[in-house]
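Comments concern the structure below.
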Amino acid sequence: MPEERMQHSEDSKGRTGPEDLRGSVAPFDRVEEGATAIATLRTKNHEGFGSRVQDRSHVCLACGQASVYRFLYRKNGCDILRCEQCGLGRAETMGFDPESYYTSDYFSGERPDGYADYIGTENILRREFAGTVEFIRKFRTSGRLLDVGCAYGFFLHEAKRFFDVLGIELAEDAAEHCRRSGLNVFTGQADETLLGRLGTTDVIVLLDVIEHLPSPRDTIALLVNHLDPGGIIVITTGDFGSLYSRVTGAHWRLMTPPQHLWFFSQASMLAMAISLGLEVEHIDHPWKVVPLSLISFQLARMSGLRPKRIAISSRLGLPVNLFDAMRVVLRKPSR
Ligand SMILES: [Zn+2]
């Protein structure tokens with residue numbers, strides 16, 4: 001309910017109408033077919049709102065097809081659409097500025113869709129990341145490793161036992177935290193200028209980062225240019241095609257636009273990788289040890305309570321697998 005309320009208040013900026021209809025048929029938007037039905041209903045009954053609720057055509061950044069993007073639902077003031085060809089989801093936002101969004105607030109519970117207490121959960125996260133490093137070493141045992149969106153450097157600290165590590169982070173506070181702990185981390189976006197300064201690498205990781213990027217295909221394409229032949233890109237992100245995502249629809253835990261802008265499925269990830277000339281080495285849905293503080297934070301948000309920082313649970317973690325998040329290893333062919 002509070003989500004509905006939030007949408008109404010956002011839309012009070014001069015827009016009214018379709019959301020009221022959505023409220024009256026709320027149970028249906030939990031499944032995507034329902035959402036489609038709502039879109040159709042809206043289009044028929046509210047011609048005036050047609051431009052907002054209609055399906056749209058785009059050249060899909062994942063599958064590269066000129067594709068119909070089906071309108072699914074509206075969340076946090078953003079239209080959520082899905083490519084009919086490959087299943088890639090996209091959030092259409094207006095005026096979202098990542099640079100002003102990813103500040104220290106994002107990592108300290110000040111933003112309802114950010115992290116509850118990122119630094120307080122360092123122990124749990126590092127245990128989790130140590131497992132990720134072990135996983136990566138099945139594909140590449142050493143070399144230069146770049147972490148794109150490295151946050152406070154917890155992954156890099158685990159990885160540096162085996163790799164020569166560097167990181168890129170947009171949030172200045174987090175990047176500075178990394179540098180103070182002795183890591184080689186650059187502040188900024190993964191653009192041509194910054195990557196040019198870093199040189200080529202053997203392993204590039206994007207851990208829960210690709211869904212935040214304004215243009216993920218362009219970024220991955222750039223990264224491929226800075227990857228040595230035979231090198232790998234490791235990506236973790238939600239799986240929009242998963243049962244859990246499909247059943248929970250607009251209420252899916254990872255359906256958090258405007259910070260999540262893209263919702264990959266396995267098919268859309270494969271399509272993008274192949275179109276960039278990458279080999280798909282591995283896809284799975286790993287178990288994860290999640291800090292209890294993050295679980296309670298997300299549960300509180302979903303149940304409409306105001307998320308608060310919960311100090312006692314920051315050190316505790318729980319193994320979780322909803323099979324709605326995937327881990328992908330892509331390899332640049334060696335010539
Ligand atoms: Zn597509």
Side-chain angles (χ1 to χ4, degrees), residues 29 31-40 43 51-76 78-94 96 98 148 190 204 206 208-225 233-250 252 254-285 323-332:
D29 72 6
V31 291
E32 58 191 22
E33 286 74 18
T36 305
I38 290 167
T40 311
T43 311
S51 62
R52 267 186 55 210
V53 299
Q54 267 170 13
D55 301 342
R56 267 147 253 190
S57 57
H58 287 285
V59 174
C60 177
L61 72 83
C63 65
Q65 307 284 318
S67 169
V68 172
Y69 266 79
R70 165 95 18 123
F71 174 86
L72 297 182
Y73 40 74
R74 223 170 133 73
K75 180 77 186 281
N76 301 344
C78 304
D79 286 357
I80 307 300
L81 302 132
R82 188 184 54 205
C83 174
E84 292 271 82
Q85 300 286 335
C86 74
L88 177 74
R90 61 187 288 155
E92 301 219 319
T93 63
M94 276 174 283
F96 178 65
V148 178
I204 298 177
L206 298 97
D208 299 343
V209 161
I210 194 169
E211 63 274 18
H212 298 260
L213 299 174
S215 184
R217 191 179 193 284
D218 293 343
T219 302
I220 300 291
L222 265 181
L223 292 171
V224 171
N225 290 339
I233 300 184
V234 180
I235 296 170
T236 62
T237 189
D239 182 351
F240 197 39
S242 66
L243 179 65
Y244 193 73
S245 157
R246 295 167 81 93
V247 168
T248 52
W252 185 34
L254 300 174
M255 183 48 68
T256 57
Q259 54 278 72
H260 288 182
L261 299 169
W262 303 97
F263 307 94
F264 282 87
S265 61
Q266 293 189 58
S268 51
M269 187 61 79
L270 290 177
M272 185 181 70
I274 291 164
S275 74
L276 291 171
L278 296 166
E279 292 163 357
V280 179
E281 193 113 337
H282 183 93
I283 294 189
D284 68 357
H285 294 83
F323 297 95
D324 65 344
M326 59 183 168
R327 182 165 64 177
V328 184
V329 180
L330 310 173
R331 193 183 290 276
K332 181 173 180 173

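Just so you know, ligand 1 is whichever comes first in the structure, and atom 1 is the first atom listed for that ligand. Numbers here simply count residues along the sequence, with the first being 1.
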> What do the steps show when you test Arg82 against Ser265 for side chain to side chain donor-acceptor pair (under 3.5 Å), and what is the final call?
Replying inline: CA-CA 10 Å; Arg82 188 184 54 205; Ser265 61; over 6 Å; no
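One distance of note links CD1 of Ile235 with CZ of Arg327; it measures 13.5 Å at 0.5 Å rounding.
When all heavy atoms are compared, the tightest approach of Ile233 to Leu278 is CD1-CD1, 4.5 Å.
Between Phe240 and Phe263, the angle of the ring planes lies from 30° to 60°, which puts this pair in the tilted group. Aromatic ring pairs are classed by plane angle as parallel below 30°, tilted from 30° to 60° and perpendicular above 60°; the pair Phe323 and His285 is tilted.
Each protein N, O or S atom less than 2.8 Å from the Zn ion (ligand 1) was counted, giving 4.
Between Arg331 and Glu279, none of the side-chain N atoms (NZ, or NE/NH1/NH2) sits under 4.0 Å from a carboxylate O, so this pair counts as no salt bridge.
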